[in-house]
Amino acid sequence: MELNLLTIDAARSAVQERTTTSVALVQSFYARIQKEDAQIGAYLTLCKERAVEQAERMDRLAAEGKPLPPLGGVPVAIKDVMCTRGVRTTAGSKILGNFIPPYDCTAVARLEAAGAVVLGKLNCDEFAMGSSTENSAFHPVRNPRDTSRVPGGSSGGSAAAVAADMAVVTLGSDTGGSIRQPASFCGVVGLMPTYGRVSRYGLIAFASSLDHIGPLARNVKDAAIVLRTIAGRDPMDSTSAEVPVPDYVAELEKPIRGLKIGVAKEYFAEGLDSEVRQAVEKAIQKLAQLDCEIVSVSLPHTEYAIPTYYIVATAEASANLARFDGVRYGYRAKNARTLSEMYRRSRDEGFGAEVKRRIMLGTYALSAGYYDAYYLKAQKVRTLLAQDFDQAFKKVDAIVTPTCPTPAFKLGEKVNDPLAMYLADIYTVTADLAGIPGMSIPCGETREKLPIGLQILGKHFDEATILRLAHSYEQAVKN
Ligand code: GLN
């Protein structure tokens, strides 16, 4: 079986019709991981026993002639910020280097309940802080399309595993762009749902008001199948929304004719690579040929998005990361003489440089005397950014932009310049701040064959429209 052509439906039907078994499929993926991943570095932990057990369960169903669930027998993998019962979950950090959770993240549990086979846990930036996966405490990930380059981040392992055919689909998390940006860099599809659409229960928190779980996949339909599986209210997460989940897959086939597509000049500003601009403009023309109406919209507060994001995200991170104190779980420094020395040294030895930088920035922004000037002001600007989108979405059904200002950069290129690294998220952080859904789909490549991503943003809880638009575009360029 050609692993590189395998979609969810193809894998499931092969297992259902017994042209292969789920166990055989799992073994071919592990063989591929064994062969390729030394070079790429996408996986941190494999969970072979758990995978084979689930695969056998699916094979038994198929052998009895029973219909498989929607992801029956399909090999998937999970970003290592999502808890997996009995399987090491590190968040890419040394401080959780030997953490074995006693429970499953809801999104993972829902995938498995739908028959998916979890192969293992994927590398990422430490606590999902980064844009290149170079902040992993273990090792960086390389971009399968050009191994001298980064796969993006923080879900670099999730994007690279799909791009290198080491899983059919994966889960990632997006706080400021971490699903869409690596999807764009690796040439795969990445979807960030509306805030509250997918439960965050069992997701190791970075910035709670910005964190989202979503799929990375080879095509739009697979992303729709995964979203349909993991979305919906979960009593374990009070911020998960009580909003009905449409059948995203059935919605894909509805026509897109007449949809109004917004284009904002603020997303085509200085710093945008010319090849990226050309590819995105060509994609917009294609949407016009598909009888969408292109409408110009304005998102005037976009220029404040990066500073706003880095205040809100670091403030929330500083609070969330206070729990890692060496007492309850995770790394504990040896031979400390007092309790406070144990706290201090555990955190000093356990956290990496970027995480410490963010804890310090966030603590400062929240401190008495500075709270109003930074945190409170950032929250106000966040509201203005959300209002920009509310206004724009009165006129249009979706907005298209480049996902990133540049294609994948070289490993090491930005590690010593955190500000340059932060700017890689310039087109993605706005959707997280506004709570709206967004996705990245491939829309071409540069002369050097580096993938370029088209970002499609939608109204709150209207993933169906952006998926439909993405699917129609994907089918049109394929033909
Ligand atoms: N690159 C951004 C950051 O470093 C976004 C990360 C994310 O979405 N998890 O915070």
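Numbers here are sequence positions counted from 1. Just so you know, ligand 1 is whichever comes first in the structure, and atom 1 is the first atom listed for that ligand. Below, all heavy atoms of this structure are taken into account, side chains as well, without hydrogens, waters or symmetry copies.
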Exercise for review: Give the atoms of ligand 1, by number and element, whose distance to some non-hydrogen atom of Ala128 is under 4.0 Å.
Suggested key: 6 (C), 7 (C), 9 (N)
Practice item. Taking the six-membered ring for Trp and the full ring for Phe, Tyr or His, determine whether the centres of Phe127 and Phe324 are under 6.0 Å apart. Key: yes
Check your understanding: What part of Ser154, side chain from CB on, backbone N/CA/C/O, both or neither, has a heavy atom under 4.0 Å from ligand 1?
Key -> side chain
Review point. By number and element, which atoms of ligand 1 are closer than 4.0 Å to a non-hydrogen atom of Tyr309?
Key: 2 (C), 3 (C), 5 (C), 6 (C), 10 (O)
**Study point:** Mutual orientation of the aromatic rings belonging to Phe393 and Phe389 [parallel < 30°, tilted 30-60°, perpendicular > 60°]
**Key:** parallel
Exercise for review: Give a yes or no answer on whether the side chain of His460 reaches the backbone of Asp390 with a donor-acceptor pair at less than 3.5 Å.
Suggested key: no
Practice item. Could you name each residue pair satisfying ring pair (Phe, Tyr, Trp, His ring centres under 6.0 Å) that touches residues 129-186, not counting sequence neighbours? Key: Phe185-Phe409
Point to revise | For Phe206, atoms of ligand 1 separated by under 4.0 Å from a heavy atom | key: 9 (N), 10 (O)
Point to revise | Which of the ligand 1 atoms, numbered from 1, are nearer than 4.0 Å to a heavy atom of Ser131 | key: 1 (N)
Exercise for review: Mind running side-chain contact (heavy atoms from CB on, under 4.5 Å) on Arg323 and Arg328 for me, showing each step along the way?
Suggested key: CA-CA 8 Å; Arg323 76 191 69 185; Arg328 283 157 293 188; 4.1 Å; yes
**Study point:** Polar proximity ligand 1 side, Lys79 side, N/O cut 3.5 Å exclusive
**Key:** no
**Study point:** ligand 1 contact by Arg358, heavy-atom criterion under 4.0 angstrom
**Key:** yes
Exercise for review: With the side chain counted from C-beta on, respond yes when His212 and Val198 share a heavy-atom pair under 4.5 Å apart, and no when they do not.
Suggested key: no
Point to revise | Donor-acceptor under 3.5 Å (Glu126 side chain, Ser93 main chain) | key: no
Review point. Is a salt bridge present between Asp165 and Arg218, judged by a nitrogen-to-oxygen distance below 4.0 Å?
Key: yes
Practice item. Tell me, please: is Tyr422 in heavy-atom contact with ligand 1, that is, under 4.0 Å? Key: no
Exercise for review: Report yes or no: does Ala313 have a heavy atom closer than 4.0 Å to ligand 1?
Suggested key: no
Practice item. Using a strict 4.0 Å cut-off to heavy atoms of Gly130, name the atoms of ligand 1 that fall inside it. Key: 1 (N), 2 (C), 3 (C), 4 (O), 6 (C)
Study note, to complete from the structure: A student checking ligand 1 against Gly176 at a 4.0 Å heavy-atom cut-off should list atoms 5 (C), 7 (C), 8 (O)
Check your understanding: Are any of the N/O atoms in Gly177 less than 3.5 Å from those in ligand 1?
Key -> yes
Check your understanding: For the residue pair Tyr422 and Tyr310, does the interplanar ring angle fall in the parallel (under 30°), tilted (30 to 60°) or perpendicular (over 60°) class?
Key -> parallel
Exercise for review: Report the part of Asp425 (side chain from C-beta onward, or backbone N, CA, C, O) that has a heavy atom under 4.0 Å from ligand 1; answer both or neither where that applies.
Suggested key: side chain
Study note, to complete from the structure: The closest protein heavy-atom partner of atom 7 (C) of ligand 1 is Ser178 OG, 2.4 Å
